[in-house]
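Before any comments, here is the structure.
Just so you know, residue 1 is the first one in the sequence shown, and it goes up from there. Values below: all heavy atoms of this structure, side chains included; hydrogens, waters and symmetry mates excluded. Just follow the structure's listing: the first ligand is 1, and inside any ligand the first atom is 1.
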Amino acid sequence: MARTTLTRTVLAAVAATSLFALGACSSDAGNEPAGGGNETAADDGVITLGFSQVGAESGWRAANTKSIQDTLTAENGFDLKFSDAQQKQENQIQAIRTYITQGVDVIAFSPVVETGWDAVLQEAKTAGIPVILTDRAVDSDDDTLYESFIGSDFVKEGTTAGEWVVENFDGDGLKVVELQGTTGSAPAIDRKEGFEAAIGGSDVEIIDSQTGNFTRAEGKTVMEGFLNKHDDIDLVFAHNDDMGLGAIEAIEAAGMKPGEDIQIVTIDAVKDGMQALADGKINYIVECNPLLGPDLAEIAKAVIAGEEVEKRIVVKDEAFDQAAAEEALPTREY
Ligand code: AHR
């Protein structure tokens with residue numbers, strides 16, 4: 001369960017009603033025209049919430065989707081309309097416009113990239129539909145375009161990763177390659193910024209950096225390229241576990257031992273990453289907690305009730321070395 005600065009009402013964790021459809025499509029979205037008899041929350045006590053998810057690019061994303069679908073249930077007072085944007089901003093904008101047309105009570109989304117949202121958010125505001133951001137921020141000068149942003153501090157995650165590297169390797173002339181998340185996304189921008197700030201002033205050096213789009217497959221391909229280009233890589237900093245797991249495959253295929261010949265530091269702490277850490281193939285993981293469903297439900301209910309909500313809700317994250325991963329794994333939720 002996400003640990004936040006909020007005092008949260010306890011929400012029942014019940015099995016998801018099957019509202020999730022694969023692909024760039026909506027589930028339970030219906031195609032009702034605007035004003036087609038939609039009841040508002042005030043009418044029927046049910047909050048119709050349209051959620052546009054980034055995609056299904058990583059283990060983290062799967063856990064995040066499950067948390068939202070398990071929490072925003074009919075039993076908990078929600079009618080969830082869920083769509084998967086397949087990592088494309090145009091799909092998210094289209095989904096948001098559909099939710100506006102349908103007259104949902106609340107729109108929530110995790111923006112695939114930071115910029116380019118003002119126009120569609122203004123349309124939601126004009127239609128009187130409140131918007132809640134989850135996981136990723138938008139880069140906008142107008143913070144009246146959304147009610148609240150619930151998510152981790154990505155800069156801090158990058159800083160924590162960089163501090164561990166400096167603490168363990170400063171003075172060794174460490175050569176780092178970086179697997180960046182999706183270009184233009186908040187976590188890719190912020191984690192890079194935090195990591196670079198933390199290694200500043202040390203002799204740790206980033207010798208190459210490229211996006212692996214937060215996926216295992218692209219992480220592997222980019223790491224293969226790094227290995228062909230450089231014979232002096234000491235450490236991989238991957239912006240998520242999945243890309244780190246892809247790097248492990250590339251390192252092993254090149255006849256080296258991940259975690260020994262090349263150290264690996266990642267962000268997320270999903271089960272597969274934590275298992276690799278426990279197995280000694282990853283050396284350190286900074287957590288990014290994906291269980292945002294309960295906070296989203298609470299904030300959506302408060303917004304509909306006309307209550308004041310916090311503009312920024314920071315989800316607290318931990319960090320794990322091998323021993324901590326071994327201890328945490330048996331009870332790990334995601
Ligand atoms: O926005 C959170 C990031 O998105 C996670 O770290 C990554 O795994 C996901 O794809």
Side-chain angles (χ1 to χ4, degrees), residues 2 4 51-68 84-89 91-92 108-115 117 132-139 149-162 178-195 211-220 222 236-248 264-277 282 284-293 295-296 312-320 332-334:
T4 74
F51 188 89
S52 171
Q53 181 59 289
V54 168
E57 73 281 4
S58 62
W60 189 97
R61 191 63 57 196
N64 179 248
T65 291
K66 185 174 186 310
S67 172
I68 288 160
D84 174 341
Q86 296 190 334
Q87 296 234 67
K88 291 195 175 77
Q89 184 174 33
N91 290 344
Q92 285 200 299
F109 77 116
S110 174
V112 60
V113 290
E114 273 192 335
T115 56
W117 299 104
I132 299 168
L133 305 176
T134 65
D135 166 35
R136 298 182 182 181
V138 296
D139 183 359
F149 164 39
I150 306 162
S152 293
D153 181 341
F154 295 139
V155 176
K156 192 167 169 216
E157 290 172 351
T159 306
T160 305
E178 181 182 31
L179 290 167
Q180 291 185 46
T182 303
T183 305
S185 69
I189 295 166
D190 292 352
R191 287 170 185 169
K192 182 171 187 54
E193 181 190 321
F195 188 84
T211 181
N213 209 18
F214 282 129
T215 70
R216 201 175 293 206
E218 287 181 68
K220 182 180 178 190
V222 175
V236 177
F237 169 46
H239 287 193
N240 79 343
D241 286 352
D242 279 83
M243 292 189 295
L245 292 164
I248 288 173
I264 302 179
V265 177
T266 67
I267 294 174
D268 273 357
V270 294
K271 263 188 192 154
D272 285 357
M274 292 285 271
Q275 188 58 60
L277 178 56
I282 291 179
Y284 191 66
I285 302 184
V286 181
E287 182 182 43
C288 180
N289 195 319
L291 306 181
L292 306 183
D295 283 343
L296 174 56
R312 176 73 172 105
I313 295 159
V314 182
V315 177
K316 291 199 187 100
D317 299 314
E318 297 174 29
F320 299 88
R332 195 86 183 140
E333 268 186 78
Y334 54 88

Looking at ligand 1, does [X] have a heavy atom less than 4.0 Å from it?
X	result
Met243	no
Asp135	yes
Asp242	no

Inset, instruction - Kindly identify the option in His239, Arg136, Gln87 whose heavy atom sits closest to atom 4 (O) of ligand 1. - result: Arg136
Inset, instruction - Measure from atom 6 (O) of ligand 1 to every heavy atom in Asp268, Asn240, Val270 and give the option owning the shortest one. - result: Asp268
Inset, instruction - Examine Trp60 against ligand 1 and note whether any of their N/O atoms are separated by less than 3.5 Å. - result: no
Legend entry - ligand 1 to Arg191 polar contact by distance, N or O atoms, under 3.5 Å: yes
Legend entry - Side chain, backbone, both or neither: the part of Glu287 lying under 4.0 Å from ligand 1 by heavy atom: neither
Do [X] and [Y] come within less than 4.5 Å of each other through their side chains, counting heavy atoms only?
X	Y	answer
Asp317	Lys156	no
Ile68	Thr65	no
Glu193	Phe154	no
Gln87	Thr215	yes

Inset, instruction - Supply the atom-to-atom distance Arg312 CZ to Leu133 CG, rounded to the nearest 0.5 angstrom. - result: 9.5 Å
Legend entry - Atom pair CG/CD1 of Leu277 and Ile285 - distance to nearest 0.5 Å: 4.5 Å
Inset, instruction - Just jot down the ligand 1 atoms closer than 4.0 angstrom to any heavy atom of Pro187, in number order. - result: 1 (O)
Inset, instruction - Just jot down the ligand 1 atoms closer than 4.0 angstrom to any heavy atom of Ser58, in number order. - result: 7 (C), 8 (O), 9 (C), 10 (O)
Inset, instruction - Identify the protein heavy atom lying closest to atom 10 (O) of ligand 1, giving its residue, its atom name and the separation to 0.1 Å. - result: Glu57 OE2, 2.4 Å
Legend entry - Polar side chain donor-acceptor pair, Glu157 to His239, under 3.5 angstrom: no
Legend entry - Chi angles and distances behind the side-chain contact (heavy atoms from CB on, under 4.5 Å) call for Phe195, Ile267: CA-CA 11 Å; Phe195 188 84; Ile267 294 174; over 6 Å; no
